[in-house]
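Here is the structure we will look at.
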Amino acid sequence: MIQLSPGDVIDNKELTDIFKCSPQGGMRRGKRTNTLVIVSNHVKSLYGDRWEGDVLHYIGMGMNGQQSFDYMQNKTLFHSQSNGVEVHLFEVFKEKEYTYQGQVQLIEEPYVKQEPDEGGQLRNVCVFPVGQVSNHGIKVEEGTLEELEEKARSKASKLSKNELYERAKASEGRPGYRESKTTHHQRNPYVIEYAKKWADGICQLCEQPAPFFSKDGSPYLETHHIEWLARGGKDTVENTVALCPNCHKKMHILDASVDVITLKEKVTGNV
């Protein structure tokens with residue numbers, strides 16, 4: 001029996017010793033313990049696994065090329081409701097720290113979607129919707145989630161405008177979300193950075209240059225969803241603009257219809 005509680009943080013050696021599994025990879029089969037460890041690494045992955053409330057949409061094995069439900073541990077997880085293998089979830093929020101989320105199971109039918117591989121090429125990936133068996137998963141600190149998103153945006157900002165557009169267009173447009181002390185929306189970093197590069201330092205509402213430069217030397221603009229995520233808006237390039245802080249605050253306070261129309265017309269010319 002696995003002697004761990006949700007929230008326990010262990011290192012890779014402890015994980016390997018407990019589950020008798022490989023020390024590497026995102027899906028690790030422990031045959032001696034009849035378990036499958038799945039690791040959602042938020043430090044290494046720019047974008048991929050996505051929470052929707054209490055359900056994690058976990059992407060299967062295979063860094064490049066088309067993924068298959070018949071491939072290695074994808075097959076194990078796909079048949080986990082009938083093969084007797086226990087599935088245990090860990091998340092990585094800090095390098096070399098594995099936070100135990102508990103035993104999980106398939107909540108919905110696995111499905112296929114398109115997502116870029118490491119080289120930016122679109123391919124089919126296998127997605128496994130899983131949730132806690134005991135429903136005792138931990139809530140992550142808001143600051144931790146914001147720090148991870150900032151790192152993802154920083155990585156995305158190094159891609160070209162065309163690369164960002166192709167990856168952003170692959171997004172299904174529905175933002176992920178998970179519970180911290182409040183509901184935290186998981187925004188697509190490709191969409192964010194594309195909107196900023198498309199704006200090219202100019203606020204898309206007042207059409208004035210960004211008021212200052214960030215520490216990395218880039219013009220400081222903030223991204224805004226024309227139709228708010230909280231109102232069901234999509235996290236897509238068609239719904240995202242870059243604004244100066246003053247106009248961004250204006251949109252959230254007034255949300256004037258004339259400004260909404262202006263921004264929609266700007267985005268229509270972009271995409």
Side-chain angles (χ1 to χ4, degrees), residues 2 4 6 15-16 18-31 33-93 98-118 121-140 145 148 152 167 170-179 184-186 188 235:
I2 304 302
L4 284 174
L15 189 157
T16 303
I18 292 171
F19 291 92
K20 312 300 181 189
C21 63
S22 166
Q24 298 177 330
M27 302 177 78
R28 310 178 185 185
R29 181 77 165 94
K31 291 189 176 181
T33 55
N34 198 32
T35 58
L36 175 66
V37 171
I38 59 175
V39 179
S40 185
N41 193 324
H42 306 293
V43 176
K44 290 186 178 180
S45 176
L46 179 59
Y47 198 70
D49 303 337
R50 186 168 60 91
W51 283 94
E52 289 189 7
D54 294 329
V55 178
L56 174 65
H57 291 250
Y58 183 82
I59 293 179
M61 290 183 72
M63 299 299 292
N64 294 289
Q66 308 294 339
Q67 290 188 358
S68 167
F69 288 121
D70 289 326
Y71 179 69
M72 296 182 70
Q73 304 315 327
N74 289 347
K75 185 174 182 179
T76 304
L77 184 52
F78 186 83
H79 294 289
S80 58
Q81 291 179 310
S82 59
N83 61 16
V85 176
E86 287 187 1
V87 183
H88 295 262
L89 170 64
F90 285 85
E91 291 188 271
V92 178
F93 303 107
Y98 294 78
T99 301
Y100 184 57
Q101 279 283 8
Q103 185 178 345
V104 296
Q105 61 187 354
L106 288 172
I107 300 297
E108 302 168 10
E109 191 72 20
Y111 60 94
V112 173
K113 73 170 185 176
Q114 284 203 318
E115 186 165 293
D117 62 16
E118 286 189 316
Q121 298 298 312
L122 279 179
R123 47 75 178 265
N124 290 334
V125 297
C126 300
V127 185
F128 300 90
V130 298
Q132 282 92 1
V133 171
S134 61
N135 201 30
H136 290 151
I138 63 165
K139 290 186 178 181
V140 184
L145 298 176
L148 289 170
R167 296 189 183 205
S171 167
E172 54 199 272
R174 192 173 67 252
Y177 64 96
R178 68 185 300 168
E179 299 301 323
H184 182 92
H185 287 99
Q186 182 183 1
N188 190 319
D235 189 22

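We use all heavy atoms of the structure for the numbers below, so side chains are in, but hydrogens, waters and symmetry mates are not.
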Mutual orientation of the aromatic rings belonging to His42 and Phe93 [parallel < 30°, tilted 30-60°, perpendicular > 60°]: parallel
Aromatic ring pairing Phe128/Phe78, orientation class (parallel under 30°, perpendicular over 60°, tilted between): perpendicular
Distance, nearest 0.5 Å, that separates CE of Met27 from CZ of Arg29: 11.0 Å
Donor-acceptor under 3.5 Å (Asp49 side chain, Ile59 main chain): yes
Val39 backbone acceptor or donor facing Tyr58 side chain under 3.5 Å: yes
Least distance between heavy atoms, Cys21 atom then Thr16 atom: O-CG2, 2.9 Å
Shortest non-hydrogen contact from Cys126 toward Ser68: SG-C, 3.4 Å
Point-to-point distance, once rounded to the nearest 0.5 Å, from CG of Asn124 to CD of Gln114: 5.5 Å
Which residues share a side-chain hydrogen bond (donor to acceptor under 3.5 Å, both in side chains) with Glu86, sequence neighbours left out: His88
Asn74 side, atom CG; His79 side, atom NE2 - distance, nearest 0.5 Å: 10.5 Å
For the student: nearest non-hydrogen atoms of Ile107 and Gly131, plus distance: CG1-N, 3.2 Å
Non-hydrogen side-chain atoms of Val87 and Gln105 separated by less than 4.5 Å: no
Straight-line distance of Leu56 CG to Gln132 CD, nearest 0.5 Å: 9.0 Å
Nearest heavy atoms of Pro110 and Pro129, plus distance in Å: CA-CD, 3.9 Å
Minimum side-chain heavy-atom gap Ile38-Val104 below 4.5 Å: yes
Heavy-atom donor-acceptor pair, Asn34 side chain to Gly84 backbone, under 3.5 Å: yes
Residues which pass side-chain hydrogen bond (donor to acceptor under 3.5 Å, both in side chains) with Gln73, listed by chain and number, not counting sequence neighbours: Thr76
Non-hydrogen atoms of Leu106 and Val130 that approach each other most closely: CD2-CG1, 4.0 Å
For Ile18 against Thr33, the heavy-atom pair lying closest together: O-CG2, 3.8 Å
Nearest-0.5 Å distance, CD of residue Gln101 to CZ of residue Phe90: 10.0 Å
Separation of Gln103 CD from Leu89 CG (nearest 0.5 Å): 11.0 Å
Close side-chain approach of Arg123 to Gln67, heavy-atom, < 4.5 Å: yes
